[in-house]
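In what follows, a structure is listed as structure tokens, so that the remarks can point back to it.
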Amino acid sequence: MAVDILAKIKQEISYQVGQELGIGQDLVYKVIEYPPREEMGDLAIPFPALGKKPQNLEVKSRFVKSHSLSGPFLNLKLDEAQLFKELFSSLDQDYGIERVEKPRRIVVEHTSANPIHPLHIGHLRNSVIGDALVRLSKARGHEVITRFYVNDSGRQVAILIYGLSKLGYPEPPKEAKKDLWAGTVYAMTNIILEIRALTDELKTVQDAEYREKVTKRDELVGLASEIRSRNQEYFDRLAEAIRDDPDPEGKIADIIRKYEAGDPQIKEIVRKYVNYVLDGFRESLSKLNITFDEFDYESDLLWSGEVKSVLRSALSSRARIEHKGTEALDLDKYLDDEVRKELRIPAGLEIPPLVLTRSDGTTLYTVRDIAYTIKKFLTSKADQVINVIAEQQTVPQIQLRAALYLLGYPEMAKNLVHYSYSMVTLPGMTMSGRLGRYVSLDEVYEKVKQAVEEKTKDRGQVNIPEIVNSAIRYALLSVSADKPITFNVGKVTNFEQNSGPYLQYTYVRAYNILSKFTGEISLDVDYGDLAGEKRRLLLAIAKFPETFKNSADSLEPEVLVSYLRYLADTFNAWYDKERVLQEQDEKKRMTRLNLVKGVEIVMRNGLRVLGISSLTKM
RNA sequence: GGACCCGUGGCUCAGCCAGGACAGAGCGAAGGCCUGCGGAGCCUUAGGUCCCGGGUUCAAAUCCCGGCGGGUCCGCCA
């Protein structure tokens with residue numbers, strides 16, 4: 001079992017200082033920080049934060065080499081020899097991967113794209129973040145279940161099925177990627193329907209509105225001709241069939257209704273095509289080593305009666321109201337300030353009522369999501385459910401928590417986390433799955449792959465997929481989730497310092513030094529050698545357990561990413577200046593080998609929990 | 001109009017939640033470093049009113065209030 005040496009040292013120091021000042025150890029521990037500049041020391045205690053200002057203070061610890069008062073700070077310099085000895089005598093392969101004392105059961109739902117078109121770079125951010133959260137939490141010792149919610153009973157799937165019906169329910173060509181193929185049919189059908197709807201509207205409007213709609217229709221017609229080029233035969237057949245259909249909207253509503261009711265014929269059709277698209281998703285995500293434990297179909301919740309039961313409970317709730325002639329829940333009225341705070345609902349937000357049913361009696365997405373959330377908590381016996389969902393759904397997610405609370409599931413409401421992330425945009429283009437306008441995950445993957453192939457073409461056997469994976473993951477994980485990203489392929493294929501491949505490359509350097517050393521790495525070292533970057537490396541290695549805990553517990557992969565970047569920079573700066581294997585002095589060589597070993601282990605473990613493989617050559 | 005998120009060198013970001021000492025990186029720019037463990041590397045230099053204005057504090061990029069700018073949402077869509 002690896003030990004967090006730095007935590008041990010900080011505890012010892014805070015105990016000492018606490019005794020001297022007559023305050024609690026925990027309080028001191030909490031305020032210990034790292035000075036901004038090296039020459040100040042390795043640790044600092046700001047006295048005002050403790051409400052004390054001692055004249056002089058003795059810190060007696062074998063780990064502390066010296067200390068000095070500087071303004072309001074007590075600066076401590078650690079004894080690198082003691083730290084080194086303690087750290088490397090207990091270093092093992094799992095170093096830094098600190099497990100929690102009380103593991104929890106955590107469900108992470110992520111990606112959950114509509115099964116009607118291929119995954120695009122917006123979903124990619126969701127998948128990569130979700131997967132990193134899964135890996136971080138698992139490494140921390142939690143039991144994690146990964147789930148994908150299949151939205152198979154909405155209007156969008158119905159549109160796809162409607163389009164397919166007009167084509168006589170064709171099979172995708174053998175060589176085609178099935179999600180891509182379905183996405184084309186969906187976008188064609190949708191555009192044709194939208195144009196038709198707009199054309200109908202033109203008959204009843206006039207003047208400014210008329211001109212606006214004409215412009216909009218012209219745009220759609222332009223897009224239509226673009227998408228027609230993907231498959232002219234499909235497009236022309238769809239256009240003709242939909243033109244001849246007296247009531248497409250009725251047919252689509254019919255599909256939704258029959259599917260919700262579990263009509264065996266439509267069930268078989270819908271499931272077949274939805275599963276084709278899911279096959280495509282799995283194929284794309286497997287390239288990034290992303291998998292799921294469960295795929296949960298929205299329709300199963302309808303057929304099993306789980307949605308009905310939620311609806312019944314909602315209809316008998318005291319919060320039930322009539323809203324615009326239909327059934328709804330008033331989520332605003334019955335939650336006091338304290339509850340809102342507990343549920344992380346902004347104080348100033350007027351929560352919109354939750355509409356429960358359409359006038360034809362069918363249920364809406366959020367109602368089904370209530371049922372799904374309950375299912376996630378119950379079937380996995382989860383302590384916490386994390387939904388990785390775009391920021392656009394902030395309000396619906398709030399409605400969800402509020403509704404759970406009101407319907408008698410306050411614990412679930414409190415333990416449901418919306419892990420929000422901001423949009424991914426493309427330079428000079430807005431994406432729209434509805435209109436078939438997007439850059440798919442597969443395209444991004446291929447572009448990055450080409451760049452990697454170009455870069456490695458003279459290097460023999462190299463694990464190209466793992467380099468592509470690291471470049472993509474790093475690009476999406478190094479930016480905090482709540483920042484919007486403009487996805488720039490040029491940047492992702494730049495494998496210089498700020499990149500996943502840079503980290504992998506650093507690992508390769510460390511690994512190769514170790515692989516060329518045939519002896520035994522011992523602790524018979526020269527502590528005097530621990531200066532400059534080597535001392536910095538020692539400190540950095542010592543900080544890894546704390547950084548990992550921080551990153552995992554706060555669900556912030558970017559914290560770990562920045563740390564690994566710093567470690568790599570420090571290692572590379574040293575690597576260029578001094579030799580390890582060629583060092584003549586045996587004890588110095590041994591000092592350095594230990595440090596390289598430390599970097600190797602930390603880099604490998606750190607990358608692993610981000611879903612990035614450490615390669616031994618590249 | 002209301003709510004939420006974002007605003008840090010020319011560009012892209014870290015640091016903000018848990019306030020602390022002259023604000024860190026990368027890209028781009030200028031100039032250097034390959035007889036040595038893999039140059040996807042290293043070393044210099046230039047470049048910053050941390051959006052603005054108040055407030056709290058011994059201490060504010062960080063917390064609070066008010067603005068400004070950008071994004072997102074406010075549907076019997078999901």
Side-chain angles (χ1 to χ4, degrees), chain A residues 30-31 33 35-37 40 44-49 53 70-73 75 112 114 151 153-157 298 323-328 345-352 355-366 368-369 390-396 398 420-423 425 434 452 455-456 459 467 471 478-486 488 490-491 494-506 508-517 550 554 556 558-559 561-563 565-566 568-569 571-583 592 596 617-618:
Chain A
K30 248 177 60 186
V31 304
E33 57 190 50
R37 280 188 310 287
M40 295 171 168
I45 298 173
F47 285 122
K53 174 75 177 157
S70 158
F73 298 96
N75 289 325
S112 300
N114 278 324
N151 300 116
S153 45
R155 179 178 156 82
Q156 295 187 295
V157 166
E298 189 178 6
H323 178 75
K324 297 183 183 170
T326 184
E327 300 292 347
I345 298 172
L349 176 70
E350 197 177 314
I351 314 171
V355 176
L356 297 166
T357 53
R358 295 191 183 92
S359 46
D360 67 358
T362 55
T363 53
L364 280 108
Y365 169 82
T366 314
R368 302 192 289 251
D369 212 13
E391 69 167 341
Q392 282 93 322
Q393 297 214 43
T394 303
V395 173
I398 286 169
S420 164
Y421 65 94
S422 197
M423 276 293 84
T425 52
R434 198 169 53 84
V452 174
K455 185 103 186 164
T456 55
R459 304 204 186 189
I467 299 174
S478 58
V479 178
S480 308
D482 49 22
K483 293 241 165 120
I485 292 183
T486 301
N488 185 332
K491 224 170 91 184
N494 177 354
F495 306 134
E496 287 172 33
Q497 264 191 46
N498 213 354
S499 77
Y502 168 73
L503 296 183
Q504 288 177 309
Y505 182 74
T506 305
V508 169
R509 286 178 148 183
Y511 178 88
N512 280 332
I513 291 172
L514 296 171
S515 71
K516 286 179 181 128
F517 178 71
N550 243 327
S554 63
E556 290 169 326
E558 68 272 23
V559 169
V561 171
S562 327
Y563 166 84
R565 247 290 300 262
Y566 171 76
D569 290 349
F571 178 74
N572 284 320
W574 172 52
Y575 183 94
D576 223 59
K577 277 186 200 154
E578 287 187 345
R579 308 291 92 193
V580 175
L581 297 176
Q582 286 94 334
E583 171 56 46
R592 297 173 188 182
V596 175
K617 62 177 178 182
M618 63 188 284

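Note that these values count all heavy atoms, side chains included, but never hydrogens, waters or copies made by symmetry.
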Consider the side chain of [X], meaning its heavy atoms from C-beta on, and name the nucleotide among [options] that approaches it most closely.
X	options	answer
A/K491	B/C37, B/U12, B/A21	B/U12
A/S480	B/A78, B/A14, B/G41	B/A14
A/R358	B/C76, B/A14, B/G20	B/C76
A/S562	B/G75, B/A21, B/A14	B/A14
A/E496	B/G28, B/C43, B/C77	B/G28
A/Q497	B/A78, B/C76, B/G26	B/G26
A/N550	B/A18, B/C4, B/A40	B/A18
A/K324	B/A21, B/C37, B/C76	B/C76
A/I467	B/A40, B/G39, B/C77	B/A40
A/N494	B/A21, B/C27, B/C42	B/C27

Hunt down the Watson-Crick or G-U wobble partner of [N], both distances under 3.5 Å, from any strand shown, or write none.
N	answer
B/G10	B/C27
B/U49	none
B/U72	B/A3

### Message
A/Y563: which residues meet the ring-ring contact (aromatic ring centres under 6.0 Å, His included) condition with it, sequence neighbours left out?
### Response
A/F544
Protein-nucleic acid N or O pairs under 3.5 Å, nucleotides 44-48 of chain B:
none

Mind checking the [atom1] distance from [N] to [M]? Whole angstroms is fine.
N	M	atom1	result
B/G15	B/G32	C1'	31 Å
B/A40	B/G7	P	34 Å
B/G28	B/C42	P	13 Å
B/C5	B/A46	P	38 Å
B/G9	B/G48	P	10 Å
B/A23	B/U8	C1'	8 Å
B/G26	B/U44	P	11 Å
B/C17	B/U62	C1'	9 Å

Scan [X] against the nucleic acid and name what it touches under 4.0 Å (heavy atoms): base, sugar-phosphate only, or nothing.
X	value
A/E327	nothing
A/L364	sugar-phosphate
A/Y575	base
A/E578	base
A/R368	sugar-phosphate
A/N498	sugar-phosphate
A/P346	sugar-phosphate
A/R509	sugar-phosphate
A/T506	nothing
A/K617	base
A/T456	base
A/K516	sugar-phosphate
A/V355	sugar-phosphate
A/Q582	base

### Short side-chain to backbone donor-acceptor contact, A/T326 and A/S359, under 3.5 Å
no
### Task
Measure from the side-chain N and O atoms of A/T362 to the backbone N and O of A/R358, and report whether any donor-acceptor pair falls under 3.5 Å.
no
## Note on the structure
Heavy-atom nearest nucleotide on RNA chain B taken for A/Q393 and for A/E33; more 5' hit belongs to A/E33
### Query
Which comes earlier along RNA chain B counting from the 5' end, the contact point of A/D360 or that of A/Y505, where each point is its nearest nucleotide?
A/Y505
### Task
Classify the glycosidic conformation of B/C58 as syn or anti, calling it syn when the angle lies within 90° of 0.
anti
Sequence neighbours left out, what passes salt bridge (Lys or Arg N to Asp or Glu O under 4.0 Å) with [X]? Give chain and number order.
X	value
A/E298	A/R368
A/E583	A/R592
A/E391	none
A/K577	A/E533

With sequence neighbours excluded, residues passing side chain to side chain contact (heavy atoms under 4.5 Å, CB included) with [X]:
X	answer
A/R579	A/Q582
A/N572	A/Y502, A/T506, A/R509, A/A568
A/I345	A/L335, A/R340, A/L343, A/L349, A/I351, A/I398, A/A402
A/E496	A/N494

#### Entry: Nucleic acid footprint by protein, nucleotides 5-11 of chain B - heavy-atom cut-off 4.0 Å, B for base, S for sugar-phosphate alone
SSS----
### Task
Classify every nucleotide of nucleotides 54-66 of chain B by which part a protein heavy atom approaches to under 4.0 Å, writing B for the base, S for the sugar-phosphate alone and - for neither, in 5'-to-3' order.
----B--------
### Query
Shortest non-hydrogen contact from A/M618 to A/P501?
CE-O, 3.6 Å
### Query
What is the minimum heavy-atom distance between A/P35 and A/A44, and which atoms define it?
CG-CB, 3.8 Å
### Query
How are the rings of A/W574 and A/F571 set relative to one another: parallel (under 30°), tilted (30 to 60°) or perpendicular (over 60°)?
perpendicular
### Query
Under 6.0 Å from the CD atom of A/E350, do we count more than 12 heavy atoms belonging to anything else shown?
no
### Query
Got a sec: does the OH of A/Y511 have more than 12 other heavy atoms crowding it under 6.0 Å?
no
### Summary
Taken to the nearest whole Å, CD/A/E558 to P/B/C17 is 14 Å
### Query
For A/N512 and B/G39, what is the distance between atoms CG and C1' respectively, to the nearest whole Å?
14 Å
### Query
Looking only at N and O atoms, is any donor in the side chain of A/S359 or the base of B/C76 less than 3.5 Å from an acceptor on the other one?
yes
